[in-house]
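Throughout, residue positions are numbered sequentially from 1 according to the sequence presented. Note that ligands are numbered from 1 as they come in the structure, with each ligand's atoms numbered from 1 the same way.
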Amino acid sequence: MKNFLVTGGAGFIGSALVRGLLANGASRVHVVDNLLTGHERNLADIRGAVEFHRVDIRDAGGLKPAMQNIDVLFHQAAIPSVPRSINDPVPSHEVNIDGTFNVLQAAKEAGVRRVVYAASSSAYGDTEVLPKTESMLPQPRSPYAAQKLLGEYYMSIWAQCFGIETVSLRYFNVFGPRQDPSSPYSGVLSLFMTAILERRAPTIFGDGEQSRDFTYVEDVVALNIKAAAAPSAVSGRMYNAGNGGRITLNEAWRLLQKIEGVSIPARYGATRPGDVRDSQADTEAARRDLGHDPRFTFEQGLRATLDWYRKEHAAAVTAP
Ligand code: UD2
């Protein structure tokens, strides 16, 4: 039986990955999280199967105990958000670059066999051609995009120079249950979910015709587990972790209104600095080398996510 560690394991994607590993046969999973953007409630139902290390990845020394006897490490801990990295660049730099360095160093020293890294589709920037393929030249447009790209390069370099196996997965706008909607930096679909349930208009930045390859969290979890088990030949490489589709924000908001049977026109604001216009993954390489097989259409994922937010919302409204 392999030992797994998930950094950022109390976060939205990290906690889904911990659940996925347990469902896939792991008896216990180690989690490193500083609970800055993650929450212990995300692990509440599986707490007994989690070895929780409350550690900030900026603390190199603090990481060491969590790495002992780990075979595969999933590095999900990060400060996400393009606008956050522009408005407040120091923490995102420290966590996404220095923290990633600390994780790699500690993993190498502890003899971890493989690191699977949460990279970002933001590294592509605005490419002339869609879908975006792994061979395209990166054109990061924000500190966050550059930080995540550097993380990929470090993964590849650590594989080449230090013999640790690494795989980078470029996430394409992951959404699903437990995505925290409480910050202005939250993912747009989590903000849309709470807006529709509260019958409020969301704010769309720009004309709403920008598009994203929204990818359901369960499909990303499945791909991470495949990346952990893939042959050593994939080590040092980067793969798109997307669904392959492309939905505009206007389409997403229209679909939510249709599902809920309401008509609430969105408000429109200025385009966000650093925003990418269109995003869509070419999934071919991930399918070929990792066995990627996304199962959720956008609408299926959206409906499952909306059901989860509806239950959470109802529980919050009826709580004493
Ligand atoms: C980027 C990455 C994504 C992931 C994420 C982490 C791209 C294409 N994607 O997501 O893979 O790494 O960063 O943070 O770079 N928006 C609104 N109203 C709101 C909030 C957002 O209109 O209230 C717009 C925003 O301007 C953008 C779109 O929605 O055009 C998506 O924004 P987001 O913050 O959910 O994610 P994004 O695309 O920056």
Inset, instruction - May I have all residue pairs that pass side-chain hydrogen bond (donor to acceptor under 3.5 Å, both in side chains) and include part of residues 188-201, sequence neighbours excluded? - result: Glu198-Arg200, Glu198-His313, Arg199-Glu260
Inset, instruction - List every atom of ligand 1 that sits less than 4.0 Å from any heavy atom of Tyr144, numbering the atoms from 1 in the order shown and giving each element. - result: 4 (C), 6 (C), 12 (O), 13 (O)
Legend entry - Common cluster, Val262/Leu306, ILVMFWY with side-chain heavy-atom separation under 4.5 Å: yes
Legend entry - Mode of Arg212 contact toward ligand 1 - side chain, backbone, both, neither (heavy atoms, under 4.0 Å): side chain
Legend entry - Proximal candidate to atom 15 (O) of ligand 1 [heavy atom criterion; set Gly208, Ser122, Ala78, Ser85]: Ser122
Legend entry - Which of the ligand 1 atoms, numbered from 1, are nearer than 4.0 Å to a heavy atom of Ser81: 6 (C), 14 (O)
Inset, instruction - Run the numbers for me: atoms of ligand 1, each under 4.0 Å from some heavy atom of Thr203, listed by number. - result: 17 (C), 18 (N), 19 (C), 22 (O), 23 (O)
Inset, instruction - Could you list which atoms of ligand 1 come closer than 4.0 Å to a heavy atom of Asp275? - result: 25 (C), 26 (O), 27 (C), 30 (O)
Legend entry - Atoms in ligand 1 flagged as close to Leu249, the criterion being non-hydrogen separation under 4.0 Å: 22 (O), 24 (C), 28 (C), 29 (O)
Legend entry - ILVMFWY cluster, Leu197 and Leu249 together (side-chain gap under 4.5 Å): yes
Inset, instruction - Output the list of atoms in ligand 1 that are nearer than 4.0 Å to some heavy atom of Gly187, sorted by atom number. - result: 35 (O)
Legend entry - Over 12 non-hydrogen atoms of neighbours within 6.0 angstrom of NZ in Lys64: no
Inset, instruction - Just jot down the ligand 1 atoms closer than 4.0 angstrom to any heavy atom of Tyr171, in number order. - result: 11 (O)
Inset, instruction - Mark yes or no: Arg170 above the aromatic ring of Tyr124, with NZ or CZ under 6.0 Å from the six-membered ring centre and no more than 45 degrees from the axis. - result: yes
Inset, instruction - Determine the minimum heavy-atom distance between Ala159 and Gly236, stating which atoms define it. - result: CB-CA, 3.8 Å
Inset, instruction - Before signing off on this row, confirm whether Val276 and ligand 1 have an N or O atom pair separated by under 3.5 Å. - result: no
Legend entry - Leu191 and ligand 1 - part of the residue with a heavy-atom distance under 4.0 Å: side chain
Inset, instruction - Work out whether the distance between some heavy atom of Phe192 and some atom of ligand 1 is less than 4.0 Å. - result: no
Inset, instruction - Would you check the N or O atoms of Ser121, main chain and side chain alike, for any that come under 3.5 Å of an N or O of ligand 1? - result: yes
Legend entry - Residue list, ring-ring contact (aromatic ring centres under 6.0 Å, His included) with Trp158, at least two apart or on another chain: Phe101, Tyr154, Phe162
Legend entry - Validation row, ring centre Phe296 to ring centre Phe175 under 6.0 Å: no
Legend entry - Ligand-residue contact atoms, ligand 1 with Ser279, heavy atoms, under 4.0 Å: 8 (C)
Inset, instruction - Work out which heavy atom in Asp213 is nearest to a heavy atom in Gly244; give both atom names and the distance. - result: OD2-N, 2.8 Å
Inset, instruction - Report yes or no: does Pro202 have a heavy atom closer than 4.0 Å to ligand 1? - result: no
Inset, instruction - Give a yes or no on whether a salt bridge exists between Asp293 and Arg295, defined as a side-chain N under 4.0 angstrom from a carboxylate O. - result: yes
Legend entry - atom 10 (O) of ligand 1 [closest protein heavy-atom partner, distance rounded to 0.1 Å]: Asn173 ND2, 3.4 Å
Inset, instruction - State whether the shortest distance between N or O atoms of Tyr185 and N or O atoms of ligand 1 falls below 3.5 angstrom. - result: no
